[in-house]
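A short write-up of the structure that comes next.
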Amino acid sequence: MGDIKVRGKKEDEDEKAEVEIWNYVFGHVKIAVVKCAIELGIADAIDKHGSPMTLSQLTTTLKCEPPRLYRILRFLVHYQIFKEEPVTQDSIGFALTPLSRRLIRHGERSMAALILLESSPVMLAPWHSLSARVLDSGNSPFETAHGKDVWSYAEENPGHSKLIDEAMACDARVAVRALIEGCPRVFDGIKSLVDVGGGNGTALSMLVKAFPWIHGIDFDLPRVVAVAPKVDGIEYVGGDMFECVPKADAAFFMWVLHDWGDEECIQILKKCREAIPQDKGKVIIVESVLEEDENDKLEFVGLMLDMVMMTHTNKGKERTLKEWTYVLGQAGFTRIDVKPIHAVQSVIEAYI
């Protein structure tokens, strides 16, 4: 009987593997079809219509070829990105789901811009060189593919730079909302806040609106802040975070430090330590904290992000709590406090 059980288990595992391997054979298909849906504006059209749309209505609105659009929709319904609902007794319509609502270009919780960035030819090309990166300590796969690092490439390609800013902004709208709702006390007593690497100011504008007593400073490269939408209560400062950070009660980072290696992070954090008050100043970091936690439903996202860092940056990585403690300690911060929020990121408060 024991042999039968073992043999049965092995057969089950083999059968599962036989099915699962096809997810890797065609792993690129799902993101390609979702990108297609965003570019066609399927979710936007249904949202604007206000109710499920038939294939005929969608093809007319989107100016698509009906049989091809149907095949796209059939695929997306299978993965529960859209769903079918009766419109009349004789017709079926396509409706939004919580997942497809995140594909609406200007939706409140839209992730469309981040999907379009990560599925762009520029960001996909480096993945073909990932194995070379593991074998060699030379250039990042991004540099191998494009001849320059991601920052230099963005500076020379305004269209790609805009795509990055839009992608970071869409994630900020989700993560900052989670921060405001989950950890509002993080901002108690802060009268001025510098967002280091603040991009187009989306995160900072949300924080200033939620905590109107805060004077915000959007600090990024001059070319970035020059085109950032101007918001009351925010000062826009161009500069280099490796050289100097504007003075404020607290420094704020969101998805910035993971782009850099330990030495660079320590250098940046030392500049922040110089910029904040010695007695009550702090650094607020909103980033992934990798831990072996079976209850963390988003742990896999941190691991995926770590692969993105390896592929798209020279030394960037996602960090464990031990690694965060190391870089902050080396920069002169003696106490840290980590708080989970309802997002991929956690909140790290670091004090001198």
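Remark: E85 CD is packed, more than 12 non-hydrogen atoms of other residues, nucleotides or ligands lying under 6.0 Å away. Residue E274 qualifies as enclosed at atom CD: its count of foreign heavy atoms under 6.0 Å is above 12. Annotation for K162: atom NZ does not count as buried by contact number, only 12 or fewer foreign heavy atoms lying within 6.0 Å. The neighbour count for F75 CZ, taken as heavy atoms of other residues, nucleotides or ligands under 6.0 Å away, is above 12. For R223, the CZ atom is densely surrounded, since the number of other residues' heavy atoms within 6.0 Å is greater than 12. Taking a 6.0 Å sphere around OH of Y351, one finds it holds more than 12 heavy atoms contributed by other residues, nucleotides or ligands. Around atom CD of E65, more than 12 heavy atoms belonging to other residues, nucleotides or ligands sit under 6.0 Å away. The number of heavy atoms from other shown groups lying within 6.0 Å of NZ (K35) is above 12.
The shortest side-chain heavy-atom distance between I214 and L207 does not fall under the 4.5 Å cut-off. Between L116 and E39 the shortest side-chain heavy-atom distance falls below 4.5 Å.
Residues I104 and A43 come closest through the heavy atom pair CG1-CB, 3.9 Å. Closest heavy-atom contact between C272 and V196: SG-CG2, 4.3 Å. Nearest heavy atoms, D44 versus H106: OD2-N, 4.5 Å. The shortest heavy-atom contact between K191 and D249 is N-OD2, 2.9 Å. The shortest heavy-atom contact between I81 and T97 is O-OG1, 2.7 Å. Across all non-hydrogen atoms, the minimal contact from E118 to L124 is O-CD2, 3.5 Å.
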task = Could you check W151 against E155 for side-chain contact (heavy atoms from CB on, under 4.5 Å), going step by step and ending with a plain yes or no?
result = CA-CA 6 Å; W151 316 119; E155 187 172 2; over 6 Å; no
Worked check of side-chain contact (heavy atoms from CB on, under 4.5 Å) between K83 and F94 = CA-CA 6 Å; K83 62 183 178 180; F94 296 93; over 6 Å; no
ask   = When you look at L73 and L58, which way does the side-chain contact (heavy atoms from CB on, under 4.5 Å) test go after all the steps?
value = CA-CA 10 Å; L73 288 164; L58 278 168; 3.9 Å; yes
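K315 is linked by a side-chain hydrogen bond (donor to acceptor under 3.5 Å, both in side chains) to E264, counting only residues two or more places apart in sequence or in another chain. For K317, the salt bridge (charged side-chain N to carboxylate O under 4.0 Å, His left out) test picks out D262, E323, with sequence neighbours left out.
In terms of modelled atom types and a separation under 3.5 Å, the side chain of H312 and the main chain of M123 share a donor-acceptor contact. Here the side chain of W213 pairs no donor or acceptor atom with the backbone of D188 at under 3.5 angstrom. The main-chain N or O of P67 is never found under 3.5 Å from a side-chain atom of R71 such that the two would form a donor-acceptor pair. In this structure, the side chain of K282 engages the main chain of V186 through a donor-acceptor pair within 3.5 Å. Although no hydrogens or angles enter the test, the distance criterion places a donor-acceptor pair under 3.5 Å between the side chain of W324 and the main chain of S288. Between the side chain of Q345 and the main chain of M254, no donor-acceptor pair closer than 3.5 Å is present. Judged by distance alone, with hydrogens and angles left aside, the side-chain atoms of H146 form a donor-acceptor pair with the main-chain N or O of V122 at under 3.5 Å. A donor-acceptor distance shorter than 3.5 angstrom exists from the side chain of T60 to the backbone of S56, with no hydrogens or angles considered. Counting only distance, with no hydrogens or angles, the side chain of S100 and the backbone of L96 share no donor-acceptor pair below 3.5 Å. In this structure, T54 contributes its side chain and Q57 its backbone to a donor-acceptor pair below 3.5 Å.
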Let me check something: any side-chain donor-acceptor pairs from residues 235-246 under 3.5 Å, sequence neighbours excluded? List them with distances.
from: E235; atom 1: OE1; to: H215; atom 2: NE2; distance (Å): 3.1
from: Y236; atom 1: OH; to: P229; atom 2: O; distance (Å): 2.9
from: Y236; atom 1: OH; to: V231; atom 2: N; distance (Å): 2.8
from: D240; atom 1: OD1; to: F242; atom 2: N; distance (Å): 2.9

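Of the listed residues (D279, I276, V283), just one forms a side-chain contact (heavy atoms from CB on, under 4.5 Å) with I352, and that residue is I276.
Both I336 and V256 are assigned to one and the same hydrophobic cluster, defined by single-linkage of ILVMFWY side chains at heavy-atom distances under 4.5 Å. Residues I38 and V77 are members of one and the same hydrophobic cluster, defined by side-chain heavy-atom contacts under 4.5 angstrom among Ile, Leu, Val, Met, Phe, Trp and Tyr. I31 and M111 fall within the same hydrophobic cluster, defined by Ile, Leu, Val, Met, Phe, Trp and Tyr side-chain heavy atoms under 4.5 Å apart, directly or through other members. In the hydrophobic clustering of this structure, V227 does not group with I234; members are Ile, Leu, Val, Met, Phe, Trp, Tyr whose side-chain heavy atoms approach within less than 4.5 Å, directly or through other members. Placement of L193 and V225 within a single hydrophobic cluster is found when ILVMFWY residues are connected by side-chain heavy-atom separations under 4.5 Å, directly or transitively.
There is a side-chain donor-acceptor pair under 3.5 Å between T202 and N200.
Classified by interplanar angle (parallel below 30°, tilted 30° to 60°, perpendicular above 60°), the ring pair H28/F26 is tilted.
If you look at F187 and F211, their ring centroids are closer than 6.0 Å.
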